[in-house]
Every structure is written in C-alpha cells, then in structure tokens.
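What follows is a short report on a single structure.
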Amino acid sequence: CCSKHFALAAPMGHQRWFMAFLKKTAWVFGAFLALALLLLVAVSVYVNSAGFRGQLLDRINREIAGHLWVEDHALWLPSGRLVLSGVRLTDIEGLPAAEIGRLQLKLFWPALARRTIDVSSLVIEQAHLNLIVDAQDRMNLSEALATTSPPVAKEPPKKESAPWNVKAGD
C-alpha cells in the first residue's frame with residue numbers, strides 16, 4: 001500500500017529544485033516589475049517638469065509665427081490625462097490672440113502607435129479670444145499658428161513618415 005503512494009510522489013530533491021526555481025523566478029519577476037515601476041515614475045517626473053515644458057514650448061515656438069506660453073502642466077501617464085494651465089498665444093505683433101485658463105484632455109495612448117492623437121474628452125475653461133482681421137483679410141489667430149518653415153515641394157510620403165491623424169471622441 002505504501003509503495004504505490006511513494007511511487008507517485010516526486011522525489012524530495014526535485015521538489016526542492018522546483019521550489020528554488022519558483023523562488024528565483026519570483027525574484028526576477030519582482031525585480032523587473034520594480035524596474036518598470038521605477039522607470040514609469042522617472043518618466044512621469046520628467047514629463048511633468050518645467051524643463052520638459054520649456055523644451056516642448058521652445059520647439060513649438062520655433063515652428064509657429066506667434067508665441068505660445070503655458071504656465072503649468074500635469075500629465076498622468078497611466079490615464080492619459082493632460083491638464084494645461086495659463087495657456088497664452090500671442091500673434092506676430094505680440095498682441096494676445098488667445099488665452100485659456102485651463103485646458104484638460106484625455107488621450108488614448110495606444111493610438112500613438114498608429115500615429116493618431118485620439119482625444120476622448122476635452123474641457124476648456126476661461127477661454128478668451130482676441131480676433132483681429134487685417135486689411136488683407138488675415139486673422140491674427142491663424143497667422144499666429146501659421147508655420148514659419150518655408151513651403152517644401154511635395155514628395156511622396158515615406159512609409160516611416162506617415163502623417164499624424166487627430167481623432168476626437170464624443
């Protein structure tokens with residue numbers, strides 16, 4: 001009776017080896033999880049810094065004719081929520097074209113892999129527009145947002161440089 005029972009059980013050495021293997025696997029998995037969490041925290045701290053905001057605004061301001069300011073921002077990476085505070089856009093003459101007290105939007109991160117900006121919600125608070133049309137029927141807001149780069153001859157788009165799409169939800 002007893003010999004059958006022991007024949008079905010794994011030898012004691014194999015149980016110890018398997019338990020040691022499980023323990024090492026759990027430690028490796030835990031280390032990778034801790035490293036991923038640390039990386040997420042580091043990226044979150046960086047993208048929420050004034051330095052990151054300054055670099056992004058410098059890049060935008062090099063591309064548009066007007067000037068854009070953002071006093072503060074907050075980006076929650078897991079949820080995709082972005083809040084901008086104190087947004088101001090001046091036209092090419094330095095006059096205010098648009099001001100937004102607070103802008104909040106929610107992004108769907110996986111869409112970025114398809115070169116699409118998917119905004120599922122957008123809330124704009126305290127918006128003020130100062131629209132001026134000049135003698136040539138040009139509006140200061142559109143002139144402020146116009147790109148400063150000279151027009152480039154159209155080439156067939158390369159596969160790696162497909163255009164970005166913007167999608168807004170309900």
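Atom set for the values below is all heavy atoms of this structure, side chains included, hydrogens, waters and symmetry mates excluded. Predicted model only: the values in this text are computed from it and were never measured.
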Does a side-chain heavy-atom distance below 4.5 Å link Ile64 with Thr148?
-> no
Mind checking the CG-CD spacing from Asn130 to Glu99? Nearest 0.5 Å is all I need.
-> 8.5 Å
Across all chains, not counting sequence neighbours, the side-chain contact (heavy atoms from CB on, under 4.5 Å) partners of Ala144 are Leu89, Asp91
Is there side-chain contact between Gln104 and Glu125, with at least one heavy-atom pair below 4.5 Å?
-> no
Dump the intermediate steps for side-chain contact (heavy atoms from CB on, under 4.5 Å) on His67 and Arg88, then the final yes or no.
-> CA-CA 8 Å; His67 195 85; Arg88 287 190 332 259; over 6 Å; no
Side chain proximity check, Val87 to Leu68, heavy atoms < 4.5 angstrom = yes
Locate the shortest heavy-atom distance separating Leu129 from Ala98; write the atom from each residue and the value.
-> CD2-CB, 3.6 Å
dist Ile92:CD1 -> Arg138:CZ (nearest 0.5 Å) comes out at 6.5 Å
Verify same cluster id: Leu77, Leu39 (apolar side-chain graph, 4.5 Å) | yes
Step by step, would you call Leu107 with Ile117 a side-chain contact (heavy atoms from CB on, under 4.5 Å)?
-> CA-CA 7 Å; Leu107 299 168; Ile117 299 172; 3.9 Å; yes
For the pair Leu84 and Ile100, evaluate side-chain contact (heavy atoms from CB on, under 4.5 Å) and give the outcome as yes or no after the intermediate values.
-> CA-CA 9 Å; Leu84 303 176; Ile100 298 173; over 6 Å; no
Determine, using the 4.5 Å side-chain heavy-atom cutoff (strictly less than), whether Leu82 and Ile124 are members of one ILVMFWY cluster.
-> yes
Would you mind reporting whether Leu33 and Leu35 have side-chain heavy atoms less than 4.5 Å apart?
-> no
Angle class for the Tyr46/Phe52 ring planes (parallel below 30°, perpendicular above 60°, tilted otherwise)?
-> perpendicular
Which value, rounded to the nearest 0.5 Å, describes the distance between Trp109 atom CH2 and Ser79 atom OG?
-> 8.5 Å
Between Leu103 and Leu122, is a side-chain contact (heavy atoms from CB on, under 4.5 Å) present by the stated rule, with each step listed?
-> CA-CA 7 Å; Leu103 182 136; Leu122 174 67; 4.2 Å; yes
Single-linkage hydrophobic cluster Leu95~Leu141, side-chain heavy atoms < 4.5 angstrom = no
When rounded to the nearest 0.5 angstrom, what is the spacing between CG in Asp118 and NZ in Lys106?
-> 11.0 Å
In the hydrophobic clustering that connects Ile, Leu, Val, Met, Phe, Trp and Tyr at side-chain heavy-atom distances below 4.5 Å, which members other than Val83 occupy its cluster, ordered by chain and number?
-> Trp76
List for me each residue that meets side-chain contact (heavy atoms from CB on, under 4.5 Å) alongside Val45, sequence neighbours excluded, and say none if there are none.
-> Val41
Quick one: does Leu131's side chain get under 4.5 Å of Val133's, heavy atoms only?
-> no
With a 4.5 Å limit on heavy-atom distance, are the side chains of Thr90 and Trp69 in contact?
-> yes
If you take all heavy atoms of His73 and Ser49, which pair is closest and at what distance?
-> CE1-O, 3.3 Å
Reported CZ-to-CD distance for the pair Arg102 and Glu71, which is rounded to 0.5 angstrom = 13.5 Å
To the nearest 0.5 Å, tell me how far Phe18 CZ sits from Thr25 OG1.
-> 8.5 Å
